[in-house]
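In this chain, numbering begins with 1 at the start of the sequence shown.
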Amino acid sequence: MADAAAAAGILSGDLGNILNLLSAAAGLGTAAMGLVDATKAFAGGPSNFGFRYIKTAVAPFIVRPPGAASAFGDAEVLQTLRALWLNGVAKAEQKAKAKALIHLGLARGNAAALAAASGVDAATLASLAEKTAAGTPASADEINALGQFDAVVSAVLDAAYERADQQYRNASKVLATAVATVLGAVGGWLVYGSPSGSVWGYFVSWHFALALVVGLSAAPLAPLAKDLATSLQAAATAVRATRR
């Protein structure tokens with residue numbers, strides 16, 4: 001009977017109870033997001049999501065020339081880009097750094113590979129790389145080829161970073177929802193215990209079902225809870241005014 005009364009109180013539709021549920025869900029969602037964010041201390045945690053798009057996109061453009069001796073090769077370029085990504089540097093700055101590193105690696109020995117990746121004339125790009133290394137002014141055709149190369153690289157980087165950011169945000173939300181659901185279930189157990197006195201009694205009770213609903217909705221509700229609560233209060237006030 002006590003359980004039924006409690007359920008009737010919480011699920012009665014009373015505005016105060018609804019607002020309390022929203023506040024509880026928002027707090028739980030915020031806590032879950034904080035826990036997920038804290039896992040970045042372990043090798044980057046969820047920040048690693050999405051970087052594969054960047055790695056795949058830049059790989060064709062960081063081909064080191066055959067026989068080139070450099071302390072800053074393909075692996076070092078990827079490590080630099082990964083460090084920027086994990087640290088949450090602004091996307092515009094990350095893309096600018098990536099393009100700069102691609103330009104830095106442009107040489108006569110890898111011009112053919114870069115031209116194939118960007119659809120630019122290989123001979124013109126190779127001539128440009130040779131003149132750049134020698135400090136010789138480039139021709140109009142070579143400048144046009146560099147412009148085409150830059151346009152392709154920019155488009156590739158834009159797509160890669162947007163896809164990477166999308167995967168990171170979605171993965172973080174999924175992880176936060178999972179954490180919030182577990183926390184909600186544990187919180188329900190701590191508050192209500194097992195109604196029937198058995199270990200499994202809680203998992204077949206309405207308390208567990210309510211805890212799951214609150215946990216699953218916590219992460220999506222967290223950024224919206226304040227606005228949603230204000231909107232509900234305004235709507236309730238308006239409805240009461242029409243009854244007078």
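Atoms OG1 and CZ, on T56 and R163 in that order, are 10.5 Å from each other to the nearest 0.5 Å. The distance from atom CG of D150 to atom CD1 of I143, rounded to the nearest 0.5 Å, is 12.0 Å. One distance of note links CD of Q94 with CG of D165; it measures 9.0 Å at 0.5 Å rounding. The structure places CG of L101 at 14.0 Å from CZ of F61, a figure rounded to the nearest 0.5 Å. Rounding to the nearest 0.5 Å gives a distance of 8.5 Å between CG of L125 and CG of N110. Taking CG of L183 as the reference point, atom CG of L35 lies at 6.0 Å (rounded to 0.5 Å).
When all heavy atoms of A160 and A57 are compared, the pair lying nearest together is CB-CB, 3.4 Å. A pairwise comparison of heavy atoms in V152 and S118 identifies CG2-O, 3.4 Å as the closest pair. Of all non-hydrogen atoms in L86 and G44, the two that sit nearest each other are CD2-CA, 4.3 Å. When all heavy atoms are compared, the tightest approach of Y168 to P46 is CD1-O, 3.3 Å. Smallest separation of non-hydrogen atoms from L157 and K99: CD1-N, 4.0 Å. Heavy atoms only, all atoms of each residue included: K131 and A138 are closest at CD-CA, 4.2 Å.
Salt-bridge annotation for K95 and D158: present, with a side-chain N of the basic residue lying under 4.0 Å from a carboxylate O of the acidic one.
The closest donor-acceptor contact from the side chain of S217 to the backbone of V214 lies under 3.5 Å. Judged purely by atom type and a 3.5 angstrom limit, D74 has no side-chain atom pairing as donor or acceptor with the backbone of A59. Between the side chain of N170 and the backbone N or O of Q167, no donor-acceptor pair lies under 3.5 Å. Here the side chain of D121 pairs a donor or acceptor atom with the backbone of T124 at under 3.5 angstrom. A distance-only check finds a donor-acceptor pair linking the side chain of W85 to the backbone of S47 [under 3.5 Å]. In this structure, the side chain of N144 engages the main chain of A140 through a donor-acceptor pair within 3.5 Å. Side chain of T39 to backbone of V36: a donor-acceptor contact under 3.5 angstrom is found.
Residues L216 and V182 do not share a hydrophobic cluster, clusters being chains of Ile/Leu/Val/Met/Phe/Trp/Tyr side chains in contact below 4.5 Å. L190 and V213 are not part of a single hydrophobic cluster, where members link through side-chain heavy atoms under 4.5 Å apart. No continuous path of ILVMFWY side-chain contacts below 4.5 Å connects V174 to F49, so the two sit in separate hydrophobic clusters.
Counting heavy atoms from C-beta outward, F51 and L81 have side chains that approach closer than 4.5 Å. When side chains are defined from C-beta on, T80 does not count as touching K97, because their heavy atoms never get closer than 4.5 Å. Between V153 and V58, every side-chain heavy-atom pair lies at or beyond the 4.5 Å cut-off. Between T136 and E130 the shortest side-chain heavy-atom distance does not fall below 4.5 Å.
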(message) Please evaluate residues F208 and F203 with respect to the criterion ring pair (Phe, Tyr, Trp, His ring centres under 6.0 Å), reporting the C-alpha separation (whole Å), side-chain torsions for both, the decisive distance (0.1 Å), and the verdict.
(response) CA-CA 5 Å; F208 179 63; F203 296 101; 5.1 Å; yes
(request) Could you go through the side chain to side chain contact (heavy atoms under 4.5 Å, CB included) check for L106 and L114 one step at a time? (result) CA-CA 8 Å; L106 176 60; L114 296 183; 3.4 Å; yes
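Around the NZ atom of K173, the shell of radius 6.0 Å holds no more than 12 heavy atoms that belong to other residues, nucleotides or ligands. By the neighbour-count criterion of 12 heavy atoms within 6.0 Å, atom NZ of K40 is densely surrounded, having more than that number from other residues, nucleotides or ligands.
Taking the six-membered ring where the residue is Trp, H103 and F149 present tilted rings, their angle falling between 30° and 60°.
Side-chain atoms of E142 and S127 form a donor-acceptor pair, as typed in the model, at a separation below 3.5 Å.
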